[in-house]
2 protein chains.
Amino acid sequence: MEKQNNITPFEKDISKWYSDLVLKSNLISYGPIKGTMFFKPYGFAIWNNITKIFNKEFDKLGVEEVKFPLLFPESLLSKEKDHIKGFAPEVLTVTRVGQKKLEESLIIRPTSEVLFGIYFRENLNSYSQLPLKLNQWVNIMRWENNTRPFLRNSEFFWQEGHTIHSTENEAHEFAKKIHELYQKIVREYLLLPTIKGEKTIMERFAGANNTYTIETILKDGQALQTGTSHYLGDSFTKAFNVKVQGSDNIIYNPFQTSWGVSTRLIGAIIMTHSDNKGLILPSKIAPFQIVILTLFADKEPKILETANKLHSILDKFKVKIDDSNKGIGFKNHKWELKGSPIRIEIGPKDIKQEKVILSIRNGKSKVQYNLSDINNETISKLLLEYDKTIYNNAIKSRDDKRIEFNSVDEIKEIVDNGKYGVAFWEDNMELEKKIKKETGATIRCLINSEFSGKCINSGVETNKLAIFARAY
Amino acid sequence: MEKQNNITPFEKDISKWYSDLVLKSNLISYGPIKGTMFFKPYGFAIWNNITKIFNKEFDKLGVEEVKFPLLFPESLLSKEKDHIKGFAPEVLTVTRVGQKKLEESLIIRPTSEVLFGIYFRENLNSYSQLPLKLNQWVNIMRWENNTRPFLRNSEFFWQEGHTIHSTENEAHEFAKKIHELYQKIVREYLLLPTIKGEKTIMERFAGANNTYTIETILKDGQALQTGTSHYLGDSFTKAFNVKVQGSDNIIYNPFQTSWGVSTRLIGAIIMTHSDNKGLILPSKIAPFQIVILTLFADKEPKILETANKLHSILDKFKVKIDDSNKGIGFKNHKWELKGSPIRIEIGPKDIKQEKVILSIRNGKSKVQYNLSDINNETISKLLLEYDKTIYNNAIKSRDDKRIEFNSVDEIKEIVDNGKYGVAFWEDNMELEKKIKKETGATIRCLINSEFSGKCINSGVETNKLAIFARAY
C-alpha cells in the first residue's frame with residue numbers, strides 16, 4: 001500500500017488540519033521559540049512569488065525600496081501616545097550585550113513608524129522633497145500567546161510602506177489608493193475574495209486617523225485581517241518633530257500614511273482554498289504550476305526524455321519533474337498535498353500511445369491527453385479555469401457564511417455557528433467593547449452600502465454596514 | 001556659482017572622505033543606534049543588484065532559499081564550545097517582553113549555525129536527504145565599538161549559506177567551490193581583485209575546521225575580509241546531535257559548510273574604486289548605468305522628447321532622466337558623486353546639430369557624439385571599457401601596496417606606511433598573536449604559492465605565503 005497523507009480532516013479538528021497542512025506540505029517547521037518558524041524552501045518560494053507581485057505594483061506607484069534598522073531606543077516608543085499604548089505590552093526588549101547591561105534598552109521593531117519618524121525628521125526640510133514613498137520588506141516581532149503559523153506569529157515577515165505628503169488630502173487619498181491596490185492584488189493573484197472596509201475607532205491602528213482594511217472570511221467562518229492601510233494625519237510628524245517649509249515659506253508638519261501586508265497572506269490562502277487532501281495554491285503563486293510525475297523512469301528511458309521535452313515545451317510555466325523512485329500513488333499524494341495546480345503522469349503504457357494523464361488539483365478526475373496537445377496554450381486555458389474555480393468556490397464559501405441580522409442579541413449564536421453577521425451600524429465604541437467581551441466577536445470593518453437602513457442599535461439611518469466576526 | 005560636492009579629499013582625512021561619500025551620495029543615513037543605518041533607496045538598489053547576481057549563481061548550484069528565525073535561546077549558544085567563545089561578548093540579548101522578564105533570555109542571531117543545527121536535527125534522518133543546500137538573506141547583529149557604515153556595522157545584511165553532506169570530502173569540496181564562486185563573482189561583477197586564501201588557525205571562524213576567505217586590499221592599504229566559506233566538519237552536527245542513517249544502516253553525524261557575503265561588499269567597492277569626486281560604481285551594480293541630464297528642458301520641448309527617445313533606444317540598460325530645474329554643473333556633480341558610469345547631456349545648442357555630450361565617470365573629458373550614434377551597442381562597448389579600466393586600476397592599486405619582506409621586524413613599518421606585506425610563512429599562532437599585539441597587523445590569509453621558499457621565522461621550506469595587513 002502507498003503511504004497516505006494522513007491529514008486530519010477539517011471537519012474533525014480545524015487546528016490539527018491546519019498544522020498538518022503547513023508541516024506535511026513542507027512550508028515550515030516550528031522555530032525554537034514559540035510563534036517563530038523555519039520558513040522552508042517550498043514555503044519561502046510561495047512568499048517570494050507574492051513579494052514579487054507586490055513589488056511590481058509598488059514600482060508603478062513610484063514607491064522606492066529601503067531597509068531600516070531592526071532596533072530603536074525604548075524611550076522613542078512613547079513619543080506617540082496612542083502608539084505606545086497599542087504596542088508596549090508585546091515588544092521584545094534588548095537589555096544587555098553579552099553579560100553587559102546596556103545604558104538604554106532597545107526595542108525590536110513591532111512596526112516602524114518610530115524609525116520612519118526619525119528618518120523623515122533627519123532627511124526632510126522642504127515641501128519640494130515630497131511626496132516621499134518608501135517601502136521595506138522586513139521581519140517584525142510582537143510577542144503572542146496564542147500562536148499559529150502564518151496566522152499569528154511572534155516573528156513574521158511583511159512589507160511596510162511609509163509615505164509622507166505635503167497635504168492632508170494627498171496623503172489620505174494615497175492611503176485609499178493602497179487600500180484599493182491591496183484588494184485588487186489579493187483578489188487577482190491570491191484569489192481571496194476579501195471584504196474591503198474601514199476599521200471602527202476601537203479597531204484602528206494605534207496612532208492612525210483612519211485604518212482601511214481588507215478582511216478574509218476563512219473556511220471556519222472566522223475573519224482574518226489581510227492587509228491594512230493607515231492614514232496617519234500629522235500625529236507622527238508632530239510627535240517626531242518632522243517639519244518642512246512650504247512653498248509659502250511657512251513651516252509645518254507634513255502628513256503620513258503607512259500600510260502593510262504580511263506572511264498572514266499565506267495563512268489566508270491556506271484557510272480559504274485548501275481541503276482534506278492538502279493545499280490548493282493559486283496558479284500565480286504556486287512554486288510549480290506543473291509537476292510531471294514519471295512512472296518506471298528507470299526501466300524505460302523514453303519516459304524521462306518525454307518529461308524533459310515537455311518541460312522545455314512548457315516554458316511559460318514553472319515546471320518540476322518528480323522522477324524519484326517512489327510509486328505513482330505516493331507521488332500523486334505528495335503533490336496533491338503540496339497543492340501543485342496541474343500534475344502530468346508519464347508512464348510506459350500511455351507513452352506507447354503518445355498519451356499522458358493529466359490531473360487538476362481541484363478537478364474531479366484524471367484525463368488522458370495526446371502528448372502533442374500539451375503546450376503553453378492548453379495549460380494556460382486549464383490554469384485560467386482552475387483559478388476561476390478556486391475563486392468562485394471562495395466567494396461561495398464566504399457568502400454562505402453571511403447572516404444578516406437585526407439585533408445584537410443574535411451575534412453570539414451567529415459566530416458560535418461559524419458564521420459572520422452583517423447589519424447596519426452606527427459606530428458605538430462602548431457597545432462594541434461589550435459585544436467583544438460577551439461574544440468574542442469584533443467589528444472587522446464598516447463598509448459603505450449602496451443602500452441605507454436603520455442602525456440595529458440606535459435606529460438612526462446609515463449607509464454603513466458592520467461585519468461582525470471572530471478573528472485570528 | 002554651482003554648488004560643489006564638498007567631499008573631504010581622501011589624502012586629507014580618509015575617514016571623513018568615506019563618510020562624506022556614503023552620506024552625500026545618499027546611500028545611507030545613520031540609524032538611531034550606533035553602527036546601524038537607514039539604507040536609502042539609492043544604496044539599497046545597489047544591494048538589490050548584488051543579491052540578484054549571487055542568487056542566480058546559488059540557483060545553479062541547487063541552493064534553495066529559506067528564512068529562519070531571528071532569535072534563539074541563550075543557552076544554545078554554548079552548545080559548540082569554540083562558537084560561544086567567538087560570539088558571546090557581542091550578542092544582543094532580549095531579556096523582557098514589555099516590562100515582563102522572560103524565563104529564558106533570547107539572543108539575536110550573530111550568525112545562524114545554532115539555528116541550522118536545530119533545523120537539521122529536526123528535519124533529517126537519512127543520508128538520502130543529503131546533500132541539503134540552503135541559503136538565507138537576513139539581518140545580523142553583533143555589537144561593535146568601532147563602527148563605520150558597511151565596513152563594520154552592529155546590524156548588517158548578508159546571505160548565509162548552510163549545507164550538510166554525507167561525507168567529509170563532499171562537504172569540504174563544496175566549501176571550496178563556494179570560495180571559488182565568491183572570487184569569481186566579486187571580480188567579474190564588483191571588479192574587486194580580491195586575494196583568495198585560507199585563514200590561519202587563529203583567524204578561523206569560531207567552530208570551523210577550515211575558513212577560506214577572499215580579501216580586498218583597500219585604497220588605504222588595509223584589508224577587508226570580503227567573503228568567507230567555512231568547512232565545519234562534524235563539530236556542529238555533533239554539538240547539535242544531528243544524526244542520519246547511512247546506506248550501510250550505521251547512524252553518524254554528517255558534515256557541514258557555512259558561507260557568507262554581506263553589505264561589506266559595498267564598503268569594499270567604495271574603498272576600492274571611489275575618488276575625491278565621489279563614488280565610482282561598476283556598471284553591473286550601478287542603479288543607473290546611464291543618466292541623461294537635460295539643459296533648459298523647460299524652454300525647448302525637443303530636449304525632453306530626445307531624452308525620452310534615447311531612454312527607449314537604450315533598453316538594455318537602466319537609464320534615469322534628470323530633468324530637474326537645476327543647472328548642468330549641479331547635475332553633473334550630483335551624478336558624478338553618485339557614481340553613475342555614463343552621463344549624457346542634452347542641451348539646446350547641441351540638439352540643433354543632432355549632437356549630445358557624453359561623459360564617462362572615470363574618463364578624462366566630455367566627448368561630443370552624434371545623437372544617431374548612441375545606441376545599445378555603443379554604450380555596451382563604452383561600459384566594457386569603463387569596467388576594464390576600473391578593474392585594472394584596482395589591480396594596480398592592490399599591487400602597488402605589496403611589499404615582499406624577510407623579517408617580522410619589518411611588519412610594523414610596512415603597515416604604518418599603508419602597505420601590506422607578503423612572506424613565506426609556516427603557521428605559528430604564538431608569533432601571530434605577538435605581531436598582532438605589537439603592530440595591529442594580522443595574517444589575512446595564507447595563499448598557495450607556485451613556488452616555495454623559507455619561512456621568514458622558522459626557516460622551514462614552505463609553499464604558503466602569508467598576507468600581513470591591518471584590517472577593518
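Predicted model, so just to flag it, every value in this text is computed and none were measured. Throughout, protein chains are lettered first and strands after them, A, B, ... in sequence-line order, and every chain is numbered starting at 1.
With a 4.5 Å cut-off on non-hydrogen atoms, L77(B) does not touch chain A at all. When heavy atoms are compared at a cutoff of 4.5 Å, Q99(B) approaches chain A solely by way of its side chain, counted from C-beta outward. For Q136(B), no part lies near chain A; criterion is any non-hydrogen pair under 4.5 Å. Proximity to chain A involves both the backbone and the side chain of T95(B), based on heavy atoms less than 4.5 angstrom apart. With a 4.5 angstrom heavy-atom cutoff, I107(A) does not touch chain B via any of its atoms. If you measure heavy-atom distances from S105(B) to chain A, the contacts under 4.5 Å come from the side chain alone. For chain B, the nearby part of N48(A) is the side chain; its heavy atoms alone come within less than 4.5 Å. Contact annotation for I28(A): neither backbone nor side-chain heavy atoms come within less than 4.5 Å of a heavy atom of chain B. Using a 4.5 Å cut-off between heavy atoms, P89(B) contacts chain A through its backbone alone, with no side-chain atom that close. Interface remark: F157(B) contributes side-chain atoms only to the contact with chain A (heavy atom separation under 4.5 Å). In this structure, chain A has a heavy atom under 4.5 Å from the side chain of N123(B), while its backbone stays farther away. Residue L106(B) touches chain A through its side chain alone, counting heavy-atom pairs closer than 4.5 Å. At a 4.5 Å heavy-atom cutoff, the contact between L92(A) and chain B is made by backbone and side-chain atoms alike.
Shown here is D298(B), whose CG atom has more than 12 heavy atoms of other residues, nucleotides or ligands within 6.0 Å. Crowding of D315(B) atom CG: a count of heavy atoms from other residues, nucleotides or ligands under 6.0 Å exceeding 12. Around NZ of K101(B), the count of heavy atoms belonging to other residues, nucleotides or ligands within 6.0 Å does not exceed 12. Within 6.0 Å of NZ in K320(B) there are 12 or fewer heavy atoms belonging to other residues, nucleotides or ligands. For K243(A), the NZ atom counts as loosely surrounded, since its 6.0 Å shell holds 12 or fewer non-hydrogen atoms of other residues, nucleotides or ligands.
The shortest non-hydrogen separation linking V66(A) to F39(B) is CB-O, 3.2 Å.
Among the candidates E74(A), E122(A), K40(A), the residue making the largest number of heavy-atom pairs closer than 4.5 Å to chain B is K40(A). In terms of heavy-atom pairs under 4.5 Å with chain B, the best-connected choice from P69(A), A45(A), P32(A) is P69(A). Heavy-atom pairs under 4.5 Å with chain A were tallied for I118(B), L71(B), N26(B); the largest tally goes to L71(B). Ranked by heavy-atom pairs shorter than 4.5 Å toward chain A, the options R96(B), E64(B), E104(B) are led by R96(B).
Without hydrogens or angle criteria, E155(B) side chain to L70(A) main chain gives a donor-acceptor distance under 3.5 Å.
Atom OG1 in T36(B) sits 12.0 Å away from atom CZ in F72(A) (nearest 0.5 Å). Taking OG from S128(B) and CG from N325(A), the interatomic distance works out to 11.0 Å, rounded to the nearest 0.5 Å.
Inspection of the K67(B) and N139(A) side chains reveals no N or O donor paired with an N or O acceptor under 3.5 Å.
Considering only heavy atoms from C-beta on, F38(A) stays 4.5 Å or farther from L134(B) through its side chain. V94(B) is listed as a side-chain neighbour of I108(A), based on a closest heavy-atom distance under 4.5 Å.
With respect to K100(B) and E90(A), no salt bridge is recorded, no charged nitrogen being found less than 4.0 Å from a carboxylate O.
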